[in-house]
Amino acid sequence: MPESRDHAVVIGGSLAGLLAARVLTGHFTRVTIVERDRFPETPDQRPGVPQGHHLHVLWTRGLELLEELFPGFEEEMRAAGAPNLHVPRDVLWLTAAGWRQRFEVTRMLTFGRGLLDWILRGRLAKEVELMTGHEVTGLIPRGGGVGGVVVRERGETGADEPLHADFVVDASGRGARTPGWLAELGYPAPPETLVDPLLGYASRQYAVPEGFDADWTALYLQADPPATRRTGGLFPMEGGRWMCSLSGAGRDYGPTDEAAFLDFAKGLRSPVLYEAIRDAEPLTPIMGFRHTANRRRHYDRLRAWPERFVVMGDAVCTFDPIYGQGMSVAALQAVALDQWLRGRAGTREFQRRAARVGSGAWLIATGEDLRYAETEGPPIRLRTKVINRYVSSVVAAADVDRRVCAQLLDVLALRSRPESLFLPPVLLRVMTAGRSTASREAALVGGADPGPPPRAMSSGR
């Protein structure tokens, strides 16, 4: 534990960095965020968050934790126009197993990433010091640990300056240089696990057409691997806009060309998204993003670790963004940081906790991504194949059974552990729903698919 609680430094103004800074203000006299970008004064996208051009959602657990860290957060987001969706009631959702019935079991906020960061920075403005336009080039060693960071103005050379601190948090994101910094201090590189579905996004904002009338607020058309690799989402965001994101795995990337974008949307498993955007007014260029690999740096496994230094957020573990869990994991790690700072354990213990709170999201993201034949990563184990087969049954059951749906979405929202899907009450309902689904499919042989379910359903159990 840091002997002195005077000054703490956070590397990176990412969401994980902002949440870490919020926690540190309760433990240190001064907190400084060092960020390469210069923050915009409006809710706009900045270069250091390339994924910010795409869809962002906060599942229930992430919402709960951000509300704990920033009381009134949700009210402020909604006042700024962030839609509050009741899920899946408001979402026309085509899963790998078919159309999901329109139960109401949970909710989420959908928004542009710039809005989220702008609101959190506004909350922190009077509590932390912002050193923007500066980059960290190394760590300052001190007595078996870290005593600060070396910084310089971005774009300058030969002007490194020390910034001394009693505690340093690395939240510098996917491109973190942490392994190299640790090597300079004499520590080995952490083992890494990589699971890459070779997935790429393409996203664009549209104006919601005047007079648009449908019984859904959002669309989510999932892939059905290994048969299909393409996913499409059309979600509302602040300002009366839609965010349309198209993605494809196995290098079947969402295209950034105008005509190809619409053709890709037309090729999804249902035409409903294409029909919605076909005549809608585009508000932005089409933006691509392909850095979607799941990467886990196992700092928790290192036998030696410098004191007064921890790593969190995407600098520890990145997830395929399609599952929308990275922000919730960052919030879980921030709460773990607060709890750790209240105790007496060493920094290695925090890295173990950071790994532990992200393990559920890792299982979900990598388990799903391993369904694609083209995914690069470790060999698929028999255990993973068996689990994926059962999870497919859970997804099918969740389409028609409200309780299974609620449990599955609790897992996706990180409110419950993945193991909860194997509890006897869930197993029984999955088996029962499986027989019902099989009967329904048999009745449809030779007939037409009834299409997506309406918002109000009376058959939920």
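Relative orientation of the Trp340 and Phe350 rings is tilted, given thresholds of 30° and 60° on the angle between their planes. Ring geometry for Tyr220 against Phe235 counts as perpendicular: the plane angle is over 60°, on a 0 to 90° scale with 30° as the lower cut.
Contact record, Cys405 with Ala398: CB-O, 3.3 Å, taken as the closest heavy-atom pair. Listed here is the closest heavy atom pair of Tyr201 and Ser247: CD2-CB, 4.1 Å. Counting all heavy atoms, side chain and backbone alike, Ala202 lies closest to Ile286 at CB-CG2, 4.0 Å. Residues Ala397 and Val404 come closest through the heavy atom pair CB-CG1, 3.9 Å. Here the closest heavy-atom approach between residue Tyr372 and residue Ala223 is recorded as OH-CB, 3.6 Å. Shown here for Phe309 and Leu182, the closest heavy-atom pair between the two residues is CE2-CD2, 4.0 Å.
Annotation: Tyr299 is in aromatic contact with Trp305 [ring centroid separation under 6.0 Å]. Annotation: Tyr323 is not in aromatic contact with Trp362 [ring centroid separation under 6.0 Å not met]. In this structure, the ring of Phe422 has its center less than 6.0 angstrom from the ring center of Tyr390.
With sequence neighbours excluded, no residue forms a side chain to side chain donor-acceptor pair (under 3.5 Å) with Asp263. With sequence neighbours excluded, the residues forming a salt bridge (charged side-chain N to carboxylate O under 4.0 Å, His left out) with Arg356 are Glu349, listed by chain and number.
Not one N or O on the side chain of Thr318 forms a donor-acceptor pair closer than 3.5 Å with the backbone of Arg296. One N or O on the side chain of Glu67 and one on the backbone of Gly72 form a donor-acceptor pair closer than 3.5 Å. Side-chain N or O atoms of Glu74 include none that pairs as donor or acceptor with a backbone N or O of Leu63 at under 3.5 Å. Put simply, the side chain of Thr228 never gets that close to the backbone of Arg230: no donor and acceptor are under 3.5 Å apart. Side-chain atoms of Trp118 come within 3.5 Å of backbone N or O of Glu41 as a donor-acceptor pair. A donor-acceptor pair is defined here as one N or O able to donate and one able to accept, closer than 3.5 Å; no such pair exists between the side chain of Glu374 and the backbone of Gly250. In this structure a side-chain-to-backbone donor-acceptor pair under 3.5 Å is present from Thr292 to Leu199.
In this structure, Gln333 CD and Met312 CE are separated by 5.0 Å, a value rounded to the nearest 0.5 Å. To the nearest 0.5 angstrom, Leu18 atom CG is 5.0 Å from Ile33 atom CD1.
Salt-bridge check for Arg78 with Glu75: failed, with every basic side-chain N at 4.0 Å or more from each acidic carboxylate O. Salt bridge absent: Lys266 and Glu275 never bring a charged side-chain N and a carboxylate O closer than 4.0 Å. For the pair Glu192 and Arg295, the salt-bridge criterion is met [side-chain N within less than 4.0 Å of a carboxylate O]. Arg415 and Glu64 are joined by a salt bridge, as a carboxylate oxygen and a charged side-chain nitrogen come within less than 4.0 angstrom of each other. A salt bridge links Asp37 with Arg46; the closest basic N to acidic carboxylate O contact falls under 4.0 Å.
Residues Val136 and Val168 have side chains not in contact (no heavy-atom distance under 4.5 Å, counting atoms from C-beta outward). Within the 4.5 Å cutoff, the side chain of Ser420 has no heavy atoms near those of the Asp410 side chain.
In this structure, Arg100 satisfies the cation-pi test against Trp93, with its NZ or CZ atom closer than 6.0 Å to the six-membered ring centre and inside 45 degrees of the ring normal. Both cation-pi conditions hold for Arg121 and Phe39: the charged atom is under 6.0 angstrom from the six-membered ring centre and inside a 45 degree cone around its axis. A cation-pi geometry, defined here as NZ or CZ lying under 6.0 Å from the six-membered ring centre and within 45° of its normal, does not hold between Arg123 and Phe73.
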Q. How far apart are the C-alpha atoms of Thr110 and His56, what are their side-chain angles, what is the distance that settles it, and do they pass the side-chain hydrogen bond (donor to acceptor under 3.5 Å, both in side chains) test?
A. CA-CA 6 Å; Thr110 60; His56 280 72; over 6 Å; no
Q) Should Asp369 and Asn294 be marked as a side-chain hydrogen bond (donor to acceptor under 3.5 Å, both in side chains) after you check the CA-CA gap, both sets of side-chain angles, and the distance that decides it? A) CA-CA 9 Å; Asp369 284 348; Asn294 304 277; 2.8 Å; yes
Q: Could you go through the side-chain hydrogen bond (donor to acceptor under 3.5 Å, both in side chains) check for Ser392 and Arg371 one step at a time?
A: CA-CA 11 Å; Ser392 295; Arg371 293 179 185 270; 2.9 Å; yes
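Between the side chains of Thr95 and Asp399, at least one donor-acceptor pair of N or O atoms lies under 3.5 Å.
Shown here is Glu419, whose CD atom has more than 12 heavy atoms of other residues, nucleotides or ligands within 6.0 Å. Residue Arg417 qualifies as enclosed at atom CZ: its count of foreign heavy atoms under 6.0 Å is above 12. Within 6.0 Å of the NE2 atom in His291, the count of heavy atoms belonging to other residues, nucleotides or ligands does not exceed 12.
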